[in-house]
There are 2 protein chains.
Amino acid sequence: MLQIDLASNVPVYEQIANGLRAELVAGHFGPGDKLPTVRTLAIDLGVHHNTVAQAYRQLAGEGWLELKRHRGAVIQERRLRPNRPDVPERFTRPLRELLAKALAEGLSRKWLIRELMASAHRLQEGGL
Amino acid sequence: MLQIDLASNVPVYEQIANGLRAELVAGHFGPGDKLPTVRTLAIDLGVHHNTVAQAYRQLAGEGWLELKRHRGAVIQERRLRPNRPDVPERFTRPLRELLAKALAEGLSRKWLIRELMASAHRLQEGGL
DNA sequence: TTATTTGTACACCAATGACAGACAAACAGC
DNA sequence: GCTGTTTGTCTGTCATTGGTGTACAAATAA
């Protein structure tokens with residue numbers, strides 16, 4: 001499921017947080033569900049448990065998890081956060097840059113278009 | 001045009017490279033055109049000229065620019081690079097995570113869908 | 001009680017990002 | 001030609017950060 005790319009320049013703890021957030025947004029977990037312990041997930045991914053803990057803390061800070069000692073990480077019912085004003089900009093620009101990188105690496109416009117449409121369609125279905 | 005977010009965790013030199021790459025892919029520059037000197041762009045952005053130089057070097061390494069001392073940075077006709085096999089994965093996953101972040105920050109599905117469709121449309125027109 | 005589990009705190013080390021400053025070569029003006 | 005300026009590069013420095021090692025405290029299990 002989660003996959004870590006040690007060669008990437010994006011830090012491992014953030015890769016973990018990003019991956020888990022995607023699962024959470026997609027609704028693969030419900031409130032009350034538990035995530036694996038930091039140590040088991042750490043072994044699973046081949047990283048240090050503190051690295052996983054950092055990812056958990058980040059998600060907890062975003063309101064996704066409740067972290068109680070020895071109780072594990074429990075998914076929380078999440079209230080919507082106040083919507084920062086620059087959020088659109090924080091989506092549009094990265095998307096544009098991501099597309100630029102993809103084109104620069106040789107991906108075809110046609111393939112990218114299909115991928116974008118597929119994503120839009122998944123969103124429309126309430127998924128991710 | 002280019003805008004730098006010092007608070008971001010993505011390094012400044014990479015922000016510059018990303019932004020310029022997007023311009024290049026979009027076709028806002030043609031072969032033979034010149035980019036501003038490292039120092040002028042640096043002053044323009046409020047960073048050190050070495051930081052800009054690093055961004056230029058990265059783009060030169062990708063085949064976009066030719067860097068000659070005292071000649072400035074000249075846009076090159078770019079030959080396609082060999083297509084790495086994991087490229088699709090390197091687009092799909094980041095897109096998914098970007099969408100997850102956006103949803104998590106409160107952007108509506110409707111808005112995101114519109115944005116995706118708009119991007120797809122721009123791609124279809126040959127733009128970015 | 002005792003051993004185990006589990007998230008946390010703290011220190012350490014390597015890597016990296018941004019900057020400062022100096023340098024060498026090409027150019028502009030004369 | 002000569003001289004001063006321009007311009008990308010090189011080297012070193014400093015602070016920050018990512019990942020890990022290790023110990024700890026509290027809850028649980030036997």
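Every chain is numbered from 1 and lettered A, B, ... according to where its sequence line falls, protein lines coming before strand lines. Remember, predicted model here, so these are calculated numbers, not experimental data.
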Set of salt bridge (Lys or Arg N to Asp or Glu O under 4.0 Å) partners for B/Arg21, sequence neighbours left out: B/Glu62

To the nearest angstrom, how far is [X] atom [atom1] from [N] atom [atom2]?
X: B/Asp44; N: D/dT7; atom1: CG; atom2: P; value: 14 Å
X: A/Leu59; N: C/dG7; atom1: CG; atom2: C1'; value: 15 Å
X: A/Leu35; N: C/dT6; atom1: CG; atom2: P; value: 14 Å
X: A/Tyr56; N: D/dG19; atom1: OH; atom2: P; value: 16 Å
X: A/Gln58; N: D/dG18; atom1: CD; atom2: C1'; value: 13 Å
X: B/Ile16; N: D/dG8; atom1: CD1; atom2: P; value: 13 Å
X: A/Leu67; N: D/dA26; atom1: CG; atom2: P; value: 18 Å

Evaluate B/His48 against B/Thr51 for side-chain contact (heavy atoms from CB on, under 4.5 Å), listing each step before the verdict. CA-CA 5 Å; B/His48 198 270; B/Thr51 304; 3.9 Å; yes

For B/Gly19 and B/Leu2, which heavy atoms make the closest approach, and how far apart are they? CA-CD2, 3.7 Å

Enumerate the salt bridge (Lys or Arg N to Asp or Glu O under 4.0 Å) contacts for residues 89-101 of chain B, please, sequence neighbours excluded, ordered by first and then second residue. A/Glu23-B/Arg96, A/Glu105-B/Arg90, B/Glu89-B/Arg93

For residues 115-128 of chain B, which side-chain donor-acceptor pairs fall under 3.5 Å, sequence neighbours excluded?
residue, atom, partner, partner atom, Å
B/Ser119, OG, B/Arg122, NH2, 3.3
B/Arg122, NE, B/Leu128, O, 3.3

OP1, OP2 of D/dT6 versus side-chain N and O of B/Thr37: anything below 4.0 Å? no

In 5'-to-3' order, the base (B), backbone-only (S) or no-contact (-) status of each nucleotide in nucleotides 20-30 of chain C, using a 4.0 angstrom heavy-atom cut-off, is BBB-BBSS---

Separation between CZ (A/Arg71) and CD (A/Glu66), nearest 0.5 Å, reads 9.0 Å

First locate atom CG of B/Leu45, then atom CD1 of B/Ile16, and finally report the distance between them rounded to the nearest 0.5 Å. 5.0 Å

Within the sub-3.5 Å range, which N or O atoms of nucleotides 14-17 of chain C have a protein N or O partner, and how far apart are they?
residue, atom, partner, partner atom, Å
C/dG17, OP1, B/Tyr13, OH, 3.4

Might you work through the side-chain contact (heavy atoms from CB on, under 4.5 Å) test for A/Phe91 and B/Leu103, ending with a clear yes or no? CA-CA 10 Å; A/Phe91 173 78; B/Leu103 285 173; over 6 Å; no

Donor-acceptor list for residues 29-43 of chain B side chains, cut-off 3.5 Å, not counting sequence neighbours:
residue, atom, partner, partner atom, Å
B/Asp33, OD2, B/Gly30, N, 3.0
B/Thr37, OG1, B/Thr40, N, 3.2
B/Thr37, OG1, B/Thr40, OG1, 2.9
B/Thr40, OG1, B/Thr37, N, 3.2
B/Thr40, OG1, B/Thr37, O, 3.0

